[in-house]
Protein chains: 2
Amino acid sequence: MGTRVLFAAMAWLIAAPAWAGLPFDPLPPQPPIPADNPQTPEKIELGKMLFFDRRLSVTGTHSCNSCHDLAAGGDDGRSVSVGALGRAGHRNALTLWNAAFHTVYNWDGSAPTLEAQFKAHVVDPNVMAMPSGRYLVSRLERIPGYVAAFEEVFGRLDFDAVARAVAAFERTLVTPGSAYDRYLEGEESALSGQARRGFETFIEIGCASCHFWVNLAGPIPGVALKQGEGFYELFPNHPGTAYEKRYRLADDLGRYTITQQEIDRRKWRMPGLRNVALTAPYFHNGSVKSLEEAVRVMALTQLKKRPSDEEVADIVAFLHSLTGPFPTIELPRLPPSPGTSVLDGHDDHQE
Amino acid sequence: MGTRVLFAAMAWLIAAPAWAGLPFDPLPPQPPIPADNPQTPEKIELGKMLFFDRRLSVTGTHSCNSCHDLAAGGDDGRSVSVGALGRAGHRNALTLWNAAFHTVYNWDGSAPTLEAQFKAHVVDPNVMAMPSGRYLVSRLERIPGYVAAFEEVFGRLDFDAVARAVAAFERTLVTPGSAYDRYLEGEESALSGQARRGFETFIEIGCASCHFWVNLAGPIPGVALKQGEGFYELFPNHPGTAYEKRYRLADDLGRYTITQQEIDRRKWRMPGLRNVALTAPYFHNGSVKSLEEAVRVMALTQLKKRPSDEEVADIVAFLHSLTGPFPTIELPRLPPSPGTSVLDGHDDHQE
């Protein structure tokens with residue numbers, strides 16, 4: 001009997017996957033919901049309309065979906081986005097898929113919540129370029145369907161309510177059930193042999209020391225980090241590589257640009273890896289066009305490792321297992337401003 | 001018996017609506033389908049993906065839906081659109097809802113089919129700004145899901161097949177069953193009293209002499225006009241009004257810019273009126289912001305009429321009855337180019 005227990009334990013040890021005991025968790029079907037902005041079906045539907053509505057940009061050209069395309073990777077596939085005024089920003093658009101599992105937003109952690117991220121982008125001259133939140137509200141006040149929906153959902157129509165509605169919709173943008181998730185849940189065959197080798201290499205060379213837990217972006221909300229607290233890392237960690245020069249990786253000072261504190265120089269909020277195969281190009285400046293190259297750059301600049309071609313291919317195969325599945329989204333019908341334009345002359349030419 | 005028949009005939013005469021005998025028809029549920037591009041579910045689904053795919057623009061910023069927003073009026077709500085290179089065009093984006101009931105496309109009739117309209121917009125530097133159709137195809141060839149879908153649907157992937165797929169999807173964008181349609185089908189109460197008065201005034205002052213038949217845009221395809229033939233009218237018809245100057249209505253020479261023939265000077269393809277309440281601003285240059293003003297401008301410049309405020313309000317009420325309903329559209333999942341970007345450096349900045 002004692003022998004049988006021992007054998008069973010040995011069998012378990014042999015079968016135990018490389019990640020056993022490490023902080024890897026399948027994506028929960030629901031992200032944390034802030035107590036002050038509970039989800040309701042009506043609020044989510046209102047947020048979806050706003051998300052797809054180009055009238056949220058000053059020129060009527062850009063909706064949230066323009067740069068966070070939910071038909072694709074939740075980003076725009078560009079190195080940097082072009083906003084309503086035709087100006088390019090200087091950071092790569094982050095995916096909104098599973099963004100609700102982060103604790104801070106933007107590459108520099110400048111927004112503590114999805115609501116704050118939305119508000120900042122509405123008035124950013126490189127994004128929606130609205131003169132003010134009040135200006136957006138005054139535009140929405142001229143669209144009867146929005147007035148009625150905000151009255152029903154919030155009892156008011158103000159910038160704060162707009163942000164809450166959009167964030168509520170964004171909290172539905174989750175992709176549990178990837179091959180990786182199914183593998184973690186015990187479906188061994190969900191990952192190919194190559195992807196499993198890639199997962200082991202991902203752990204062994206040290207990627208997993210930062211890319212762990214549900215979003216592979218560090219500590220999960222509500223456990224080690226409160227909402228608004230960030231998990232930041234130095235990038236490049238090992239300065240002076242050829243990659244750094246080629247891809248201008250050290251030009252942007254990251255979180256320092258927000259805090260002006262030396263400790264934040266070239267610190268970046270840990271990006272998640274879910275759906276990373278769909279979000280090329282890579283890094284804060286979108287300078288690296290392929291996932292293979294991104295893996296090599298990260299290995300050398302962060303870990304001082306030069307993985308072999310085979311190891312890179314294995315890791316990439318693993319990263320592909322983090323894709324989808326995606327929920328079905330029905331295109332909303334946007335409430336009209338019948339027989340009139342609400343763009344007030346911002347539509348006559350490019351400004 | 002003879003008396004009863006006479007009374008019945010008199011009752012019919014009294015009850016006969018103002019439009020009886022005039023060429024007004026409810027919108028059929030299906031538009032004409034060209035023999036060389038039959039509809040199939042797979043082709044329509046492929047066309048929908050392409051329609052929502054920003055990779056069809058050189059910069060990856062614009063999909064067809066960017067300026068023909070199917071969550072809204074099938075246009076972009078702007079006077080003129082801004083294309084992939086940040087350049088504004090000089091004509092107002094036309095709605096794609098019910099476009100399949102037209103016989104020529106663009107304000108100047110420069111495209112004989114939806115397929116041709118698509119191809120022209122792909123390479124127009126003010127729209128998608130692709131270097132060539134071949135360039136678009138070479139980009140799509142790097143997206144495995146498209147390669148497989150084109151192989152299945154067409155047995156080939158070329159510019160012509162891309163245009164056919166998109167046009168097939170566009171032929172599903174129809175909105176039968178508006179209040180106006182139901183009224184024509186005998187549901188008297190579908191129109192308010194005001195809208196019915198507006199319909200009568202619309203006929204009496206002469207709007208209906210051009211705005212008739214299924215799309216209120218003149219002869220229907222396959223009957224009086226073959227595909228590729230256009231129904232053009234002079235605009236402004238009565239030159240020299242204050243409106244003409246204020247809204248610069250005579251600056252653009254319309255179809256003349258295509259044909260260079262005197263007879264085409266300021267000739268325009270008749271725009272449809274379905275969903276017109278959702279497509280402000282109005283006219284080829286998008287200079288008129290409200291439907292009320294558009295009715296006044298048309299009455300004076302085309303018919304030398306100055307309808308009263310009440311008559312204008314009635315006509316506008318009638319025009320509102322031409323709205324929707326709209327089919328449900330599920331946002332497609334776009335086929336990825338996993339782990340890589342297909343934008344080839346067109347994404348680094350605004351060009």
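Residue numbers start from 1 in every chain, and the chains themselves are labelled A, B, ... in the order their sequence lines are given, proteins ahead of strands.
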Note to self: salt bridge (charged side-chain N to carboxylate O under 4.0 Å, His left out), that's the test. Do A:D344 and A:R139 meet it? Break it down for me.
What the structure shows: CA-CA 9 Å; A:D344 288 329; A:R139 191 180 277 184; 5.6 Å; no
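- Using a 30° and 60° split on the angle between ring planes, A:Y247 and A:Y243 fall in the parallel class, below 30°.
- The pair A:R197-A:D314 counts as a salt bridge, with a side-chain nitrogen and a carboxylate oxygen less than 4.0 angstrom apart.
- Side-chain N or O atoms of B:R78 include one that pairs as donor or acceptor with a backbone N or O of A:T59 at under 3.5 Å.
- Shown here is A:R248, whose CZ atom has no more than 12 heavy atoms of other residues, nucleotides or ligands within 6.0 Å.
- Ionic pairing of B:R296 and B:D309 is present here: one or more N-O contacts between side-chain nitrogen and carboxylate oxygen are shorter than 4.0 angstrom.
- Heavy atoms only, all atoms of each residue included: B:V82 and B:H62 are closest at O-NE2, 2.8 Å.
- For residues 323-342 of chain B, a heavy-atom distance under 4.5 Å to chain A picks out B:F326, B:T328, B:I329, B:E330, B:L331, B:P332, B:R333, B:L334, B:P336, B:S337, B:P338, B:G339, B:T340, B:S341, given by residue number.
- Between B:N98 and B:T175, the side chains place a donor N or O and an acceptor N or O closer than 3.5 Å (distance only, hydrogens not considered).
- The contact between B:L70 and chain A is made by backbone and side chain atoms together, counting heavy-atom distances below 4.5 Å.
- Heavy-atom proximity under 4.5 angstrom to chain B picks out A:A277, A:L278, A:A280, A:P281, A:Y282 from residues 274-287 of chain A.
- Residues B:G177 and B:D181 share a closest heavy-atom pair of N-OD2, 3.1 Å.
- In this structure the side chain of A:M49 reaches within 4.5 angstrom of the side chain of A:Y146, judged on heavy atoms.
- Among B:G89, B:G77, B:S66, the residue making the largest number of heavy-atom pairs under 4.5 Å with chain A is B:S66.
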